[in-house]
Amino acid sequence: MKPWETYFREVEPYVAGEQPKLTSMIKLNTNENPYPPAPDVIDAIREMNMERLKLYPDPACEQLITAIADTYEVSAEQVFVGVGSDDVLGMAFLTFFNSPKPVLFPDITYSFYDVWAKLFQIPYRQPALDENYHIQKEDYYEENGGVVLANPNAPTSIYEDLHFIRDIIEHNQDVVVIVDEAYIDFGGTSAIELVKEYKNLLVVQTYSKSRSLAGMRIGYAIGDPGLIQAMQNVKYSYNSYTMNQTSIAAGVASMKAKQYFEECRNKIMDTREWTKKELANLGFSFPDSMTNFLFVTHESVPAKDLFEALRKENIFVRYFNKPRLDNHLRITIGTKEEMIKLIAFLYSYLKGNCSEHTRGFA
Ligand SMILES: *Cc1c(COP(=O)(O)O)cnc(C)c1O
């Protein structure tokens, strides 16, 4: 070891899903939206004054914050924006979790939470989901340094209603409670409506899934002005210009394209319901997803075999080689055409493996 290496920060990084460079593939592995961004977003980027790129962007992101505040009927002082919700969540961990008591989040959830906790040296504990992959709310009643919940949860796709979320906040009035709503636009009810009641609640959302802008990197948090101001102070102590001019323009246009947003998310939810029926006919089971993905397991064929067989067909899904997850696949809802191809392949593959289970596939 070189002497200077003794003082390197040692971290085990988060592993993102694969981004294969193939031109022809069915990509159902990272929960991106299969539809392009709203036409208004593309126009807004085209119409940008490129000469202005010589100037720094607005560090306060006023236009973007106003567009988000208008959409959710909150004040601009209640909105924080960042480079994807990963940036927003990381900033929130850094800002709010400085207690010696452990921060709580489930053992099975978005796998970035424990990475940030380790990076920032935040003590944490991960109460186990129950045998049906549900959060047990009583686990969050004990003393802690903060609570983080993804709702719907990932990769389980399970949504808990607002009574459940409210109960956890009620039991945690002296710490910050973060609700990560990356998938809330696919059928759930947002906890944003609880923000006016609970000054310790921070709701985080993203443009990456329901708004087809994963490549632009825009996320935001909505909470009490006290929480938002504290996050701004940390942001301005690290990097004032996180949001570039293009992201700001795209983010504003996307929030205003309400009809396109509704059409897109409804198409995905319809395709999800169709896919559920087809997968059930093929012998798969899964929780009732309120997201743009399904968390599936097959009654007789191991998930790893299915993952590898799909991969050979250039159909990419997500496989987690982890306890309690290693017989499941997380399959993103793509376009109807993509899901038809997925089902057709699974039908022919499973027919060879377990013909008695492929009942009723037309
Ligand atoms: C995708 C995802 C994120 C991160 O999204 P970005 O905004 O693209 O950084 C955060 N939390 C969960 C649960 C996610 O699934």
Side-chain angles (χ1 to χ4, degrees), residues 13-19 27-34 37 41 61 64 68 79-94 103 105-117 119 126 129 133 135 147-160 165 177-188 190-191 202-222 231 235 242-244 247-248 250-251 254-255 261 265 268 272 287 289-295 317-318 320 322 325 328-334:
Y14 169 76
V15 184
E18 237 185 315
Q19 294 292 349
K27 192 174 179 310
L28 309 174
N29 69 332
T30 51
N31 296 345
E32 290 136 327
N33 198 305
V41 170
C61 308
L64 180 56
I68 295 168
V79 182
F80 179 89
V81 293
V83 186
S85 55
D86 286 342
D87 180 39
V88 175
L89 287 162
M91 207 65 78
F93 272 55
L94 193 54
V103 169
F105 46 85
D107 63 338
I108 296 173
T109 189
Y110 187 42
S111 52
F112 226 135
Y113 302 153
D114 64 329
V115 175
W116 286 311
L119 174 65
Q126 298 191 266
L129 298 183
Y133 297 95
I135 295 166
V147 173
V148 188
L149 299 173
N151 193 42
N153 198 9
T156 64
S157 77
I158 296 172
Y159 166 76
E160 304 294 351
I165 298 296
V177 176
I178 298 178
V179 181
D180 176 357
E181 294 189 336
Y183 301 103
I184 199 67
D185 296 324
F186 301 107
S190 173
L202 189 80
V203 179
V204 179
Q205 294 193 3
T206 177
Y207 280 64
S208 298
K209 277 80 186 224
S210 56
R211 295 187 178 273
S212 305
L213 281 169
M216 197 51 81
R217 312 304 301 128
I218 315 171
Y220 50 98
I222 295 180
M231 287 182 74
K235 171 192 144 173
T242 55
M243 306 302 290
N244 65 64
S247 294
I248 293 173
S254 171
M255 274 294 159
F261 169 72
R265 68 188 187 118
I268 289 168
R272 177 184 71 205
S289 167
M290 288 283 236
T291 62
N292 67 337
F293 62 88
L294 294 169
F295 179 61
V317 300
R318 191 83 192 262
F320 301 93
K322 286 184 179 175
L325 297 179
H328 280 78
L329 295 175
R330 192 193 68 189
I331 305 176
T332 306
I333 303 300

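Every number for a ligand or one of its atoms is a count from 1 in the order of the listing.
- Y183 and N153 are not linked by any side-chain donor-acceptor pair at a separation below 3.5 angstrom, with hydrogens and angles left out of the test.
- For R272, there are no salt bridge (charged side-chain N to carboxylate O under 4.0 Å, His left out) partners at least two apart in sequence or on another chain.
- Here the protein heavy atom with the shortest distance to atom 15 (O) of ligand 1 is Y183 OH, 2.6 Å.
- The backbone N or O of E160 lies less than 3.5 Å from a partner atom in the side chain of N151, making a donor-acceptor pair.
- Using a non-hydrogen distance threshold of 4.0 Å, Y207 does not register as a contact of ligand 1.
- A heavy-atom separation below 4.0 Å is not found between N31 and ligand 1.
- When heavy-atom distances to ligand 1 are checked against a 4.0 Å cut-off, D86 comes that close through both its backbone and its side chain.
- Using a 4.5 Å heavy-atom threshold, the side chains of P287 and S157 count as touching.
- At a heavy-atom cutoff of 4.0 Å, ligand 1 is contacted by both the backbone and the side chain of S85.
- Residue-ligand proximity, S208 to ligand 1, at heavy-atom distances under 4.0 Å covers atoms 6 (P), 7 (O), 8 (O).
- Between R217 and ligand 1, a contact under 3.5 Å exists for at least one N or O pair.
- Salt bridge annotation for K209-E32: absent, with no cationic side-chain nitrogen under 4.0 angstrom from a carboxylate oxygen.
- In terms of protein heavy-atom proximity, atom 2 (C) of ligand 1 is nearest to K209 NZ, 2.4 Å.
- Side-chain contact between F80 and K235 is present, with at least one heavy-atom pair separated by less than 4.5 Å.
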Report all side-chain donor-acceptor pairs from residues 211-221 shorter than 3.5 Å, counting only partners two or more places apart or in another chain.
| from | atom 1 | to | atom 2 | distance (Å) |
| --- | --- | --- | --- | --- |
| R211 | NH1 | S254 | O | 3.1 |
| S212 | OG | N33 | OD1 | 3.4 |
| S212 | OG | N33 | ND2 | 3.4 |
| S212 | OG | Y35 | O | 3.0 |
| R217 | NH1 | S208 | OG | 3.4 |
| R217 | NH1 | A214 | O | 3.4 |
| Y220 | OH | Y72 | OH | 2.8 |
| Y220 | OH | Q205 | OE1 | 2.9 |

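- For the pair Y110 and ligand 1, the shortest N or O to N or O distance does not fall below 3.5 Å.
- Ring pair Y14/F112 is parallel by interplanar angle, where below 30° counts as parallel and above 60° as perpendicular.
- From the protein, the heavy atom lying nearest to atom 13 (C) of ligand 1 is D180 OD2, 3.3 Å.
- The G84 neighbourhood of ligand 1 comprises atoms 7 (O), 9 (O), with distances under 4.0 Å to a heavy atom of that residue.
- When heavy-atom distances to ligand 1 are checked against a 4.0 Å cut-off, F112 has no atom that comes that close, whether in backbone or side chain.
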